[in-house]
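Report on one structure; see the data block that follows.
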Amino acid sequence: MKKASVKLDKDYIISRIDPRIYGSFIEHLGRAVYGGIYEPEHPAADEQGFRKDVLALVKKLGVPVVRYPGGNFVSGFNWEDSVGDKASRPKRLDLAWFTTETNEVGLHEFYDWTKKADSEVMYAVNLGTRGAENARDIVEYANHPSGTKFSDMRIANGKKDPLGIKLWCLGNEMDGGWQIGHKTATEYGRTATEAAKLMKWVDPSIELVVCGSSGYTMRTFGDWEYEVLSECYDHIDYVSLHRYYDNRNGDTGSFLAKSMELEEFIHSVAALCDAVKGKKHAKKQINLSFDEWNVWYHSAEQDKEVWKRNKRGRALPLLEDIYNFEDALLVGSMLLTFLRNADRVKIACMAQLVNVIAPIMTRNGGGCWAQTIFYPLMEASKYGRGTSLRAVVNTPLYDSAEFTDVPVIDIAAVLNDDGAVTVFCVNRDITEDCELTVDLRSFGNLRFASHSVLHHDDINAVNTEKSPNNVVPMSGDGAVPEGGFATVRVPALSWNVIRFTV
C-alpha cells in the first residue's frame with residue numbers, strides 16, 4: 001500500500017470560499033429545459049409544469065446560482081420573446097443548436113423555478129446580434145422597481161417586485177468562430193464596456209462577468225484577455241473561463257491528471273488580470289468565473305445522428321453524455337482545483353444541470369436519476385463551505401503519456417464554519433490503495449465524524465434509470481485521531497470526503 005500525508009493548520013488559509021463555485025448552468029439546448037426541468041404532462045409536474053422529482057435532485061446538489069439562458073443560444077436570443085403571455089410568444093429558429101425554440105419557458109418562469117430550487121439566476125445578455133441598448137433594457141426590466149417602460153412591462157407581466165438579479169454575463173464565448181455575432185477582441189471589448197456602463201447605471205449593485213477566450217487552447221487565448229480587460233477593466237467584476245475534458249484515447253492516467261492543466265489555466269488567467277491591473281494602477285482585483293466546466297465527449301456521435309434525423313426540431317436529445325465512474329473522479333479533482341484557488345475562483349458553473357452534459361438525467365414521462373458526476377458536486381457543495389485551507393501534501397507521483405509528476409493523492413481541505421475540518425481526496429492510482437496520514441494538531445480536540453467513498457471496480461460503470469445506485473458513495477474505513485494525527489485508507493481510484501468535528 002502506498003503512503004501519503006497532509007499537514008493542515010488553521011492559520012494556513014487560502015480564502016473564504018464563495019459558495020457560488022457550486023453553481024450550475026441551464027441553456028435552452030436539448031432537453032435541459034423541455035423534458036428536463038419542465039414537463040407539464042409529467043405525473044410529477046407542479047402547477048407551473050416543473051418536474052418536482054427533478055427539483056428534489058437539484059436541491060440535493062445545493063446549487064446557489066444557475067447560469068441562464070445560454071451558452072451559445074444567448075448570442076441569437078431576444079429576451080423580449082421570453083416574457084408576456086405564453087400564447088403570444090414567438091417560436092424562433094435557434095441557429096446555435098439548429099433547433100426550434102418555443103419560448104414556453106422564459107425569464108419569469110425560470111426565475112420562479114430558481115426560487116423553488118433554492119437558487120439564484122445568473123443571467124447572460126446577448127452581445128452577439130444585439131448590444132448595449134438591449135442589455136440596458138433587460139436590467140431595467142428585471143431590476144428597476146417601477147415607473148419606466150421596461151419595469152412597468154414587468155409589472156404588467158405579473159411581477160410587481162423586481163427580480164433582483166445580481167449576476168450578469170456579458171455575452172458568451174465571443175472569440176469563437178462558431179458564435180453568432182463572433183467578434184474580435186477590440187470589437188467585443190468596446191461592446192462589453194458600453195453594455196457594462198449602461199447596465200450598472202441602471203443598477204449599480206449588479207456584478208458583471210466579461211467573456212474570456214473560449215478555451216485554454218484557443219489561439220486567441222492570452223491576447224484576448226489582455227486586450228478585452230484593458231478596455232473594460234474598470235466596469236466589470238469577473239472574467240469567464242470555460243473548459244471541458246475528454247478521454248477519447250482511453251488513457252485513464254492522463255485523463256485523471258487533466259485537472260493539473262486546469263490549475264495552470266486558472267493561474268494564467270489570474271496573471272493576465274493582474275497584468276492589466278498593474279498597467280492601469282488599479283486598486284480593485286478582477287476575479288474568475290469558471291462558468292462552464294465538465295467532462296464532455298460521450299455524446300458526439302449520437303448528436304450527429306440526432307441532427308441528421310430531425311434538424312430544426314424542438315427539444316432534441318442533444319449532448320446527453322452518459323457519465324461513467326472515471327468521469328466522476330476527474331470532476332472531483334476539478335472541484336478540488338477550484339477550492340485550492342478559492343482566492344480567485346469565486347463562481348463556477350458545472351455545465352449543465354439536467355440531461356445536457358449533466359449530473360441529472362430524465363426520461364420524458366418517466367423517472368429521473370443521478371449520474372456518477374452528481375456525487376462529487378453534491379458532497380463538495382454540502383461540506384465545502386467555509387474557509388479553504390492550504391494543504392501541505394506529501395504524495396507519491398506518477399508519469400502518464402501526457403503529464404509528468406502527477407500527484408497520486410489530490411487533496412483540498414476546508415475549515416467549516418462550525419469548526420469541523422473536511423478533507424476532500426482523490427486517489428488517482430489505478431491499482432493501489434493509499435494510507436493517508438492527516439496532521440490535525442493545529443485544531444485541538446477533533447473527533448472522526450465520517451468517511452464517504454465513491455468507488456467502483458469498473459471505471460466504465462454508469463448509473464441508469466433501472467440501476468440508479470450502481471455508483472454511489474459508501475461509508476469508508478474512517479480513522480480515529482490519536483495525538484493529533486489520523487490515518488485513513490483511501491482505495492485505488494476513489495473520491496473521498498473525510499470529516500473531523502469538534
Side-chain angles (χ1 to χ4, degrees), residues 2 30 214-218 242-265 292-307 317-337 350-352 355-361 369-377 395-410 425-434 453-464 466-473 490-496:
K2 290 183 176 176
S214 304
Y216 196 30
T217 58
M218 293 284 291
H242 293 176
R243 195 72 176 107
Y244 298 98
Y245 291 108
D246 65 72
N247 189 18
R248 297 177 191 276
N249 298 327
D251 179 354
T252 296
S254 292
F255 179 63
L256 298 184
K258 288 186 176 181
S259 58
M260 294 174 66
E261 187 216 54
L262 180 73
E263 196 131 24
E264 291 177 2
F265 185 17
E292 286 190 34
W293 69 273
N294 206 341
V295 174
W296 176 14
Y297 72 104
H298 297 286
S299 60
E301 294 305 313
Q302 173 189 307
D303 291 344
K304 293 176 185 176
E305 292 302 314
V306 170
W307 276 314
L318 296 169
L319 280 67
E320 297 198 2
D321 274 41
I322 303 302
Y323 290 108
N324 59 34
F325 168 61
E326 178 185 68
D327 299 326
L329 295 177
L330 180 59
V331 162
S333 280
M334 294 176 80
L335 287 161
L336 303 192
T337 305
M350 176 188 272
Q352 294 187 18
N355 288 330
V356 174
I357 49 175
I360 298 169
M361 291 298 294
W369 62 98
Q371 296 223 67
T372 61
I373 64 171
F374 179 96
Y375 295 103
L377 180 59
T395 173
L397 307 174
Y398 73 90
D399 294 338
S400 73
E402 296 182 41
F403 298 90
T404 58
D405 295 332
V406 181
V408 167
I409 297 297
D410 191 19
C425 168
V426 171
N427 184 354
R428 293 180 170 122
D429 197 287
I430 296 173
T431 59
E432 199 167 342
D433 295 356
C434 185
V453 179
L454 187 68
H455 171 77
H456 200 285
D457 290 337
D458 180 5
I459 60 171
N460 295 309
V462 301
N463 292 338
T464 65
K466 291 182 178 179
S467 300
N469 298 317
N470 189 32
V471 183
V472 295
V490 291
L493 291 182
S494 63
W495 156 266
N496 301 262

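- Rounding to the nearest 0.5 Å gives a distance of 11.5 Å between CZ of F403 and CG of D399.
- Contact between G215 and F265 at its shortest, heavy atoms only, is C-CZ, 4.3 Å.
- Residues passing the salt bridge (charged side-chain N to carboxylate O under 4.0 Å, His left out) test with E402: none are found, sequence neighbours excluded.
- S259 places no side-chain N or O within donor-acceptor distance of the main-chain N or O of L262, the cut-off being under 3.5 Å.
- In this model, no donor atom of one side chain and acceptor atom of the other lie less than 3.5 Å apart for T372 and N463.
- Applying the side chain to side chain contact (heavy atoms under 4.5 Å, CB included) rule to E264 yields the partners Y216; only residues at least two apart in sequence or on another chain are considered.
- When all heavy atoms of P317 and Q302 are compared, the closest pair comes out as O-NE2, 3.5 Å.
- A side-chain donor-acceptor contact under 3.5 Å links D327 and H298.
- Under the 4.5 Å side-chain criterion, counting only non-hydrogen atoms from C-beta, E261 is in contact with R243.
- Under the rule for a salt bridge (charged side-chain N to carboxylate O under 4.0 Å, His left out), E326 has no partner lying at least two apart in sequence or in another chain.
- Counting heavy atoms from C-beta outward, L318 and V356 have side chains that stay 4.5 Å or more apart.
- For H455, the ring-ring contact (aromatic ring centres under 6.0 Å, His included) partners two or more places apart in sequence, or in a different chain, are F325.
- Y323 has its side chain out of reach of V462: every pair of non-hydrogen atoms, C-beta onward, lies at least 4.5 Å apart.
- A distance-only check finds no donor-acceptor pair linking the side chain of D246 to the backbone of Y297 [under 3.5 Å].
- In this structure, the side chain to side chain donor-acceptor pair (under 3.5 Å) partners of K304, at least two apart in sequence or on a different chain, are E301.
- Not counting sequence neighbours, Y398 has no partner by the ring-ring contact (aromatic ring centres under 6.0 Å, His included) test.
- For L454 against A328, the heavy-atom pair with the smallest separation is CD2-CB, 3.9 Å.
- Remark: the backbone N or O of V490 is paired with a side-chain donor or acceptor of N427 at under 3.5 angstrom.
- With contacts defined as side-chain heavy-atom distances shorter than 4.5 Å, the pair L335/V331 qualifies.
- Between the side chain of N294 and the main chain of I357, a donor-acceptor pair closer than 3.5 Å is present.
- A 4.5 Å side-chain heavy-atom check between W495 and L330 finds every atom pair outside the cut-off.
- A 4.5 Å side-chain heavy-atom check between V426 and N496 finds every atom pair outside the cut-off.
- Side-chain contact of S333 with D410: a donor-acceptor pair under 3.5 Å is present, judged by distance alone.
- Taking 4.5 Å as the limit, some side-chain heavy atom of T252 sits within range of a side-chain heavy atom of I459.
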Going through the checks in order, is the side-chain hydrogen bond (donor to acceptor under 3.5 Å, both in side chains) test met by R428 and S400? CA-CA 11 Å; R428 293 180 170 122; S400 73; over 6 Å; no

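- Distance OG1/T395 to NZ/K2: 8.0 Å, rounded to 0.5 Å.
- To the nearest 0.5 Å, atom CG of residue D457 and atom CG of residue L493 are 9.5 Å apart.
- By the salt bridge (charged side-chain N to carboxylate O under 4.0 Å, His left out) test, E432 is found to be paired with no residue, residues two or more places apart in sequence or in another chain being considered.
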Please report the C-alpha distance between Y244 and V295 in whole Å, then the side-chain angles of each, then the deciding distance to 0.1 Å, and finally whether the side-chain contact (heavy atoms from CB on, under 4.5 Å) criterion is met. CA-CA 5 Å; Y244 298 98; V295 174; over 6 Å; no

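- A search for ring-ring contact (aromatic ring centres under 6.0 Å, His included) contacts involving F255 returns nothing, not counting sequence neighbours.
- Atom CD1 in I409 sits 11.0 Å away from atom CG in L397 (nearest 0.5 Å).
- Here the OG-CG distance, from S494 to L329, works out to 7.5 Å after rounding to the nearest 0.5 Å.
- Legend: residues meeting salt bridge (charged side-chain N to carboxylate O under 4.0 Å, His left out) with D251, ordered by chain and number and at least two apart, are absent.
- With sequence neighbours left out, W293 forms a ring-ring contact (aromatic ring centres under 6.0 Å, His included) with F338.
- No donor-acceptor distance shorter than 3.5 angstrom exists from the side chain of Q371 to the backbone of M361, with no hydrogens or angles considered.
- Listed by chain and number, the residues in a side chain to side chain contact (heavy atoms under 4.5 Å, CB included) with P468 are W369 (sequence neighbours excluded).
- Taking the side chain as every heavy atom from C-beta outward, S214 and H242 never approach each other to under 4.5 Å.
- Among residues two or more places apart in sequence or in another chain, the side chain to side chain contact (heavy atoms under 4.5 Å, CB included) test is passed with D433 by M1, R489, P491, A492.
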